[in-house]
Colleague: 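I'd like to ask some things about the structure below.
Everything numeric in this text was worked out from a predicted model, so none of it was measured.
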Amino acid sequence: DGTVHVGRLFVHPDRRCRGYGTRLLSAIETKCPGDVYRLFTSSLSLGNIALYERSGYKVKRTTSTGNGYDMVHLVKEGTCLSR
């Protein structure tokens, strides 16, 4: 349906803050063109949320885990790169 669900992205702690996360997201969007990209992360992962927002993702909702933190669901819309 044009939706790309982005799974877990990992950057080794020794390599963070060097642009690898931004390049990973860009590569996913290039290799997996879609109309909507969806992902989620922990509300405690402030660096991840900032990265996603810098990359054009917007927080759409949060859901409680019952474990003292929430899951933040983000969406990037209108980004089909193949058309």
Colleague: Counting only heavy atoms from other residues, nucleotides and ligands, does the tally under 6.0 Å from CZ of Arg18 exceed 12?
Modeller: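 Counting neighbours around CZ of Arg18, more than 12 heavy atoms of other residues, nucleotides or ligands fall under 6.0 Å, so yes.
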Colleague: Could you note down all residue pairs passing ring-ring contact (aromatic ring centres under 6.0 Å, His included) where residues 50-69 supplies at least one of them, sequence neighbours left out?
Modeller: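 Non-adjacent pairs meeting ring-ring contact (aromatic ring centres under 6.0 Å, His included): zero.
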Colleague: Once salt bridge (Lys or Arg N to Asp or Glu O under 4.0 Å) is applied, do any residues pair with Lys60, and if so which ones, sequence neighbours excluded?
Modeller: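 Partners of Lys60 by the salt bridge (Lys or Arg N to Asp or Glu O under 4.0 Å) criterion, ordered by chain and then number, come out as Glu77.
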Colleague: If you apply the rule side-chain contact (heavy atoms from CB on, under 4.5 Å), what do you find for Ile28 with Leu9, and how did you get there?
Modeller: CA-CA 10 Å; Ile28 289 167; Leu9 301 179; 3.4 Å; yes
Colleague: Could you state the interatomic distance from CZ (Arg16) to CG (Asn48), rounded to the nearest 0.5 Å?
Modeller: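 Atom-to-atom, Arg16:CZ and Asn48:CG are 7.0 Å apart.
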Colleague: Closest heavy-atom contact between Thr41 and Ser45?
Modeller: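 Taking Thr41 first and Ser45 second, the nearest heavy atoms are OG1-CB, 3.6 Å.
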Colleague: Can you give me the closest heavy-atom contact between Val72 and Leu74, atom names plus distance?
Modeller: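 Shortest heavy-atom contact: O-CD1, 3.6 Å.
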Colleague: Minimum heavy-atom separation for Val4 and Gly34, please, with both atom names.
Modeller: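 Here Val4 and Gly34 meet closest at CG2-CA, 4.0 Å.
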Colleague: Taking it one step at a time, do Leu25 and Leu39 satisfy side-chain contact (heavy atoms from CB on, under 4.5 Å)?
Modeller: CA-CA 11 Å; Leu25 277 178; Leu39 55 80; 4.2 Å; yes
Colleague: Please check this pair: side chain of Ser55 against backbone of Leu51, looking for a donor-acceptor N/O pair closer than 3.5 Å.
Modeller: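 Yes, the answer is positive, given that a donor and an acceptor are paired below the 3.5 Å cut-off.
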Colleague: Taking side chain to side chain contact (heavy atoms under 4.5 Å, CB included) as the criterion, tell me which of Glu29, Glu53, Lys58 meets it with Lys76.
Modeller: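 Single side chain to side chain contact (heavy atoms under 4.5 Å, CB included) partner of Lys76 among Glu29, Glu53, Lys58: Glu29.
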Colleague: Of all the heavy-atom pairs spanning Arg15 and Tyr20, show the shortest one and how long it is.
Modeller: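 Looking at all heavy atoms of both residues, the closest pair is O-CD1, 3.2 Å.
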Colleague: Quick one: OG on Ser42 to CG on Asp70, what's the gap to the nearest 0.5 Å?
Modeller: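 Those atoms lie 8.5 Å apart.
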Colleague: Go through the side-chain N and O atoms of Thr62 and His73 and say whether any donor and acceptor fall under 3.5 Å apart.
Modeller: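 On atom types as modelled, these side chains do not qualify, holding no pair under 3.5 Å.
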Colleague: Rounded to the nearest 0.5 Å, how far does OG1 of Thr63 lie from CZ of Phe40?
Modeller: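 Between atom CZ of Phe40 and atom OG1 of Thr63 there are 8.5 Å.
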Colleague: Considering all heavy atoms of both residues, which atom of Arg38 and which atom of Val75 are nearest to each other, and what is their separation?
Modeller: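 Heavy atoms only, the tightest pair is NH1-CG2, 3.3 Å.
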